[in-house]
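What follows is a short report on a single structure.
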Protein chains: 2
Amino acid sequence: MGNALPPRRLTLDQVAERAGVSRSVASRVLNNAPHVSRAKRDAVERAVRDLGFVANSKARALATSQSGVAALVISRQDPSILADPFYAQVIVGISAALEEGDLHLMLCLAESERGRARVEKLLRSGAVDGVMMMALHADDPLIKVADKASTPVVFGGRPGGTPPQWYVDIDNVAGARAATEHLLSRGRRNVVTITGPLDTEVGQARHRGYREALLLAGLKARASETGDFTEASGAAAMSRLLEHQPDLDGVFAANDNMAAGALKVLRGAGRSVPEDVSVVGFDDLAVAQNAQPALTTVHQPIRDLGTEMARMLVALIGGKNPSPILLPSHLVVRSST
Amino acid sequence: MGNALPPRRLTLDQVAERAGVSRSVASRVLNNAPHVSRAKRDAVERAVRDLGFVANSKARALATSQSGVAALVISRQDPSILADPFYAQVIVGISAALEEGDLHLMLCLAESERGRARVEKLLRSGAVDGVMMMALHADDPLIKVADKASTPVVFGGRPGGTPPQWYVDIDNVAGARAATEHLLSRGRRNVVTITGPLDTEVGQARHRGYREALLLAGLKARASETGDFTEASGAAAMSRLLEHQPDLDGVFAANDNMAAGALKVLRGAGRSVPEDVSVVGFDDLAVAQNAQPALTTVHQPIRDLGTEMARMLVALIGGKNPSPILLPSHLVVRSST
DNA sequence: GTGGAGAATGGGAGGGCTTCCAAGATTCTT
DNA sequence: AAGAATCTTGGAAGCCCTCCCATTCTCCAC
């Protein structure tokens, strides 16, 4: 920080000199490449240890044109998206898997137009070797940004529209079907649903699973109302459903937050859960366990989602061509059904 | 990715050639430095636009010896620390403030020994211009790692022991004092506390605030039990307190999770809250609102914590010498008191 | 018209590493 | 024991910018 005599960072030349070898040899030892005699290898390693040398990553990056960094880009169209524990778990999974590939994680939250421009520059400047992207909407401008980058991109969850080439997603259809079938197996016959936004793939998929289950059981789809994955929207949807479909006896909500909202409205309307109405959510977040009554829901392997995204990206960076992955979810039965 | 003819990334020379100027001039335009005529500036800018040129960040980093990246290092001694919304908010704050300084965010979760070694290498390789660090324990090995790095380090929350030179922290003492005084103002006279781990600064500070409040009110400190900030430990501590101090009428828990555990135990013991016993927590996480009854607690400006950390780091990187910051917290009164 | 201040310009030397290649050292064949 | 085959080795060319500095140009004062 502006000392009198900046002590001039240690360089590979100094290591080489101290070990009595050329810079080339020293470099080979560092990258443990072949064609180095045992004696010189030892000498270099000792010099590295004695001097406490760590190679300058910028120079290495320039020479190899590899930065050793992967970016996770999170589109924040809504304000508090990161606040839910979902991303935290994804990140933990990613972090662990990137460690395997010896990559570091750069986290980009792009909300403003300016932020998006920064992300674009980041990707196109070659500062990262690959990108993981979480975006809900097919028209998210970040998707185009990622396309323009000439670096591999893995999606976490498919945005709507034509699916990207590489993605990891939860099998939302199967999960929603299992949830609905569970309601039917409890003897419910008038099962309604609170869907997520239908312009998102996840919203659509969970709705599809619901309809499939009814279809397979030979039942007609009942009323559905759309929410936006918030508790408040779930409550509002539930009110509307009660109004139009007073004899409902089962509710599949497309996520736990909305299910929690629905529970409150049901309680307020004097319907007891699970006696009068059974309710199932989706996600298995903390809110599901804390709900009154505790919520039956579909558990997603969120951490695995992160892990698999990172693994896929590592494979891509390594020149391989992995296939998309759909992760299974499973039902967790609690007191609401 | 291994094409036949890798199209050889665009370079500044090509921009310069197209604009009919030397590379030096082109570079000056890119960094909008002075000493460029209007005409050439325009020519270069047009060439940049036409070609879609983005400077190679690795080369720039090497030349300027600035990476444009700041790291957030989170020590994960316990497994699910990131899962609480705390870090999510810190990160959002950091991200916003880093954008001001045109820095990108690298996220390092170091739990294993290997992960720690990787972080050390990252810092010492000069890959980041500065570090923000969140660590609870004074003996966290990461603190030494940060010391060895010759890059500026800002702490979020002081670890125990001698405080670091640069940090941003919540004023835990004042918050705890306010919480305790609130209990006293409700007429409680036998106020006990559930502390956090006393080998952490935050644990100690909140305990100190509790004692100060009692002292100022001319009361003696009552029983205290120590937890580890988990709900389970709060419940256990509450049981012990009920046993040794059956006439207690107020509880200050050093965080919301432990307060939630305490509430459950109190309910189980037939003490009603807030009639028989008043309870105050600390943090104002979601759990405080969801608790039964809703928890009076101390709200912390968590997002601001992140913002200020990042700002401080930006200042340090810019060669300034900022002062440590203590952020105020405030009481949120709900139904538990 | 001349000197000189100050701006504009481009050449070129880094920045610290990787990697190609030619040359020297070693081992293996027969 | 000579020649082929294989390892080791170090010199030097890159990677793509930034920035110092010597040079040229512009313009104004006297």
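Naming convention: chains lettered A, B, ... in sequence-line order (proteins, then strands); numbering from 1 in each chain. Computed from a prediction, not measured in an experiment: that's the story for all the values here.
Atom pair A/Lys121:NZ and D/dC17:C1' shows a separation of 15 Å (rounding to whole Å applied). Between the CD atom of B/Gln14 and the P atom of D/dC15 there is a distance of 11 Å, rounded to whole Å. Rounded to whole Å, atom C1' of D/dC16 lies 17 Å from atom CD of A/Gln66. Here the P atom of nucleotide D/dC21 and the NE2 atom of B/His35 are 14 Å apart, to the nearest Å. What separates CZ of B/Arg38 from P of C/dA7 is a distance of 18 Å, to the nearest Å.
A search for salt bridge (charged side-chain N to carboxylate O under 4.0 Å, His left out) contacts involving A/Arg23 returns A/Asp13, not counting sequence neighbours. Residues forming a side-chain contact (heavy atoms from CB on, under 4.5 Å) with A/Ser57 (at least two apart in sequence, or on another chain): B/Ser125, B/Ala127. When the side-chain hydrogen bond (donor to acceptor under 3.5 Å, both in side chains) test is applied to A/Ser112, the partners found at least two apart in sequence or on another chain are B/Glu99. Residues satisfying the side-chain hydrogen bond (donor to acceptor under 3.5 Å, both in side chains) criterion with A/Asn321, sequence neighbours excluded, are A/Trp166. Partners of B/Arg124 under the salt bridge (charged side-chain N to carboxylate O under 4.0 Å, His left out) rule, at least two apart in sequence or in another chain, do not exist in this structure. With sequence neighbours excluded, the residues forming a salt bridge (charged side-chain N to carboxylate O under 4.0 Å, His left out) with B/Arg18 are B/Asp50, listed by chain and number. Taking the salt bridge (charged side-chain N to carboxylate O under 4.0 Å, His left out) definition, one finds that B/Arg158 meets it with B/Asp169, sequence neighbours left out.
Taking five base pairs at each end of the helix from C/dG1-D/dC30 to C/dT30-D/dA1 and finding the rotation axis that steps the C1' atoms of four pairs onto the next four gives two axes whose angle is 40°, to the nearest 10°.
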Enumerate all atom pairs, one protein N or O and one N or O from nucleotides 15-19 of chain C, separated by less than 3.5 Å.
residue: C/dG15; atom: OP1; partner: A/Arg8; partner atom: NH2; Å: 2.7
residue: C/dC17; atom: OP1; partner: A/Asn56; partner atom: N; Å: 3.4
residue: C/dC17; atom: OP2; partner: A/Leu12; partner atom: N; Å: 2.5
residue: C/dC17; atom: N4; partner: A/Arg23; partner atom: NH1; Å: 2.7
residue: C/dT18; atom: OP1; partner: A/Asn31; partner atom: OD1; Å: 3.2
residue: C/dT18; atom: OP1; partner: A/Asn31; partner atom: ND2; Å: 3.0
residue: C/dT18; atom: OP1; partner: A/Arg60; partner atom: NH1; Å: 3.2
residue: C/dT18; atom: OP2; partner: A/Ser27; partner atom: OG; Å: 2.6
residue: C/dT18; atom: O4; partner: A/Arg23; partner atom: NH1; Å: 3.1
residue: C/dT19; atom: O4; partner: A/Ser24; partner atom: OG; Å: 3.4

key: Stepwise salt bridge (charged side-chain N to carboxylate O under 4.0 Å, His left out) test for B/Asp42 and B/Arg38   = CA-CA 6 Å; B/Asp42 289 347; B/Arg38 187 55 199 250; 3.4 Å; yes
